[in-house]
Amino acid sequence: MVGWVASLARVARQPPVNSILMSSGDSPTPNADALLDGLNPPQREAVMHEEGPLLIFAGAGSGKTRVLTARIAYLIATHQVWPDRLLAVTFTNKAAKEMRSRVERLVGEDAGKMWVGTFHSTAVKILRRDAHRIGIVPSFVIFDEDDTRAALRRVLDDLKLDQKRYPVAALSNAISAAKNELKGPADYPNRSYHDEIVRRVYESYEELLKRSGGLDFDDLIMKLVELFNTDDDALDKWRDRFRHVLVDEYQDTNRAQYVLVNQLAAEHRNVVVVGDDDQSIYRFRGADVRNILDFRKDYPDAHVVRLEQNYRSSQAILDAAYSVIRSNPERAEKKLWTERAGGEKVCATQAYNEVEEAEFVADEIERLRKTEKRGYSDFAVLYRTNAQSRSFEDVLARRRIPYRLVGGVRFWERREVKDVVAYLRFCFNPRDALSFARIVSVPPRKIGNVTVDALGAYARDTEADLLAVLADPARVPNLPRAAIDPLRKFRTQLESLRSVMGVMRPSELIDHVIEVMGLRAHYLDGTPQGEARIENLNELRGLAESFDDRSPDQGLEDFLAEVALVSDVDAYDENGEGVTLITLHMVKGLEFPVVFMVGMEEGLLPHQRALDEREENPSAVGATTEMAEERRLCYVGMTRAKDRLYLSCAFRRHLYGRSQPAFPSRFLTEIPQAMLSAPRGSAPVAPPRQGYKERYQELQVQAAPAAPPVQRFSSGDRVSHPAFGSGIVVKSTLTRTDEELVVKFDKVGLKILSGMIAPLTK
């Protein structure tokens, strides 16, 4: 009742809709009809949908961001929905900023009152206000991946567990998966001794988080769901606040996010979810494609709209991509089309090895730059694993072709950046033991690990924050006497920082940290690397300036949240110059005029895990779960291309420490030959004949051949192949495991074949 009365009071205080629509200065909000201009019929249907649940299946490049922003503006213009009663959720900060800027262009500055952000940034904002209801300090710090792993290493030491036997990365993944399923330590399954170890580590890790006043990335959603499950007043307040909930990329939601959306929307049911099951590629993060496929089970009266007109790719690219994705079971049928009829055929090619593959890509980049006047930023090289980037980095660097490696050493992971951010975090929350352990010796202060451990143990026993412990370090048991004076001096420096926290803006506070702590002299060691570190700190300061327009306290809080939640794609500059090297998982949401998808081989794409899953469950009907996701990953990569798409594989590949024969990906051979072309007049990659795959797999599992291979062919031999016809052997090379042949066929040109596998006769 109180919440309802408060809601009426807020409405009574708000200005009429018309005054909101006309208050945007130079950019008055268009009327409803203007918002529909340029939209195709399904897009209009989605924008004009009345209240109630709405499911939008938005194919790749179908203009879903435009539909979402137009719907938000339409709701404001026609339904008297106030901007601050709307919650729009995306999956990256980059997407959130793009959505907010588009809405501002439509409805003016009042769009700033909207809640637009990622699941995690939205959770942070709510928890800052209400986390105290479930015993969490409002000044909690957010543990990033490095913090989590550092905390787990400390837990393993405390529990006297061997890190080699229980790798930190595996434990982190197990705990993250549990939190995504909303399972605490007590809920963790106990099926084996290993499960029991994970449960004990999970339990100790949670205790460390609590002592440090921290939440990790997965906690942000889990704790918000816990808040709403245990506090009806809090749930009612936020349900009342968000009368319309819009969720982008719904196919990528995990269990916790799915529950959160339904908690907020269960009463008013004004929920719009947008996504494409064909682009669900984050199962390893807990994403469940069933969330979007089963949306109509949760909301039987949901209205469904399919956006199938593509505004990105040529029809030739879309047709090839559809020939791959259509084989997936349990998908919502959709076939993309475009007004860009025709287009260049998809180019499929096979190189001898990964170096020749990289050389081919470099050749094509230079050729298209000359013939089509393209810039380097028009090109992207997509691969399944980070290890594949090495050959492209080597070749592009040697040929002086500029490139950008997305997913390398992230700016936020650089030592000097993490040091300064740790100073800010500890000043914000003096219970943050991990940040304290990082900064206590930066620069060196003759304070060692024994001292840090003693301080941490005393803080745990007395339930005091570390800054309070530093007030009188002499009382700390087992503390080396030589550390007392350095600790007192360190505390004086920290108090100097904390004294200006509510006065200085974030960028000024960074300057103050660098000055008070002597970090400039510490990093400037006379080397080029030292200069680069200072440049990185200057960049950090520049990024902090974007938060200077807020109150000092709020600016620091928002800056620290932004730092913790940033992703590699958020930092990607689409206007930068250089060929983009990026994994298929990270390229989601981006597009390029020319795309090279490399490493299209069994064991890479699809990944070996999918092949192993199939072997473990040979009776499975259709595609296995892993294989279905690998197919979606291939589809996502193909639909990033606007004008030209290249698909390449290699005959041999050096990967994971050894060179081995490679087999063309099933996804590559599923594309009809009529849709493919080949570079410079050679034949496209042809589907292998029956039995080739089985013999390839037999060769793969052999540790060594029973006998050395025999050279059966010589240069100049005339040979016959059942698929390629007659030809002549150009080259025969005997390796430890095979005879590798280069054959020029009369009809299809050059082919690289395995003498042990290929059905050749003289």
Close side-chain approach of Met504 to Asp511, heavy-atom, < 4.5 Å: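 A side-chain contact is absent here, since even the closest heavy-atom pair is not under 4.5 Å.
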pair Gln388-Glu354: side-chain heavy atoms closer than 4.5 Å: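 With C-beta onward as the side chain, the pair stays apart.
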Gln279 versus Asp252, side-chain donor and acceptor atoms under 3.5 Å: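 No pair is found: no donor N or O on one side chain lies under 3.5 Å from an acceptor on the other.
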Residue pair Gln251 / Glu249, side-chain donor-acceptor N/O under 3.5 Å: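 On atom types as modelled, these side chains qualify, holding a pair under 3.5 Å.
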Short side-chain to backbone donor-acceptor contact, [X] and [Y], under 3.5 Å:
X      : Y      : answer
Arg520 : Gly518 : no
Glu515 : His512 : no
Ser176 : Ser172 : no
Arg199 : Pro185 : no
Asp548 : Ser507 : yes

Check the orientation of [X] and [Y]. Use parallel for under 30°, tilted for 30 to 60°, and perpendicular for over 60°.
X      : Y      : answer
Phe490 : Phe436 : tilted
Phe119 : Phe91  : perpendicular
His585 : Tyr282 : tilted

Other residues, nucleotides, ligands: >12 heavy atoms within 6.0 Å of Glu531 CD: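 No, not enclosed.
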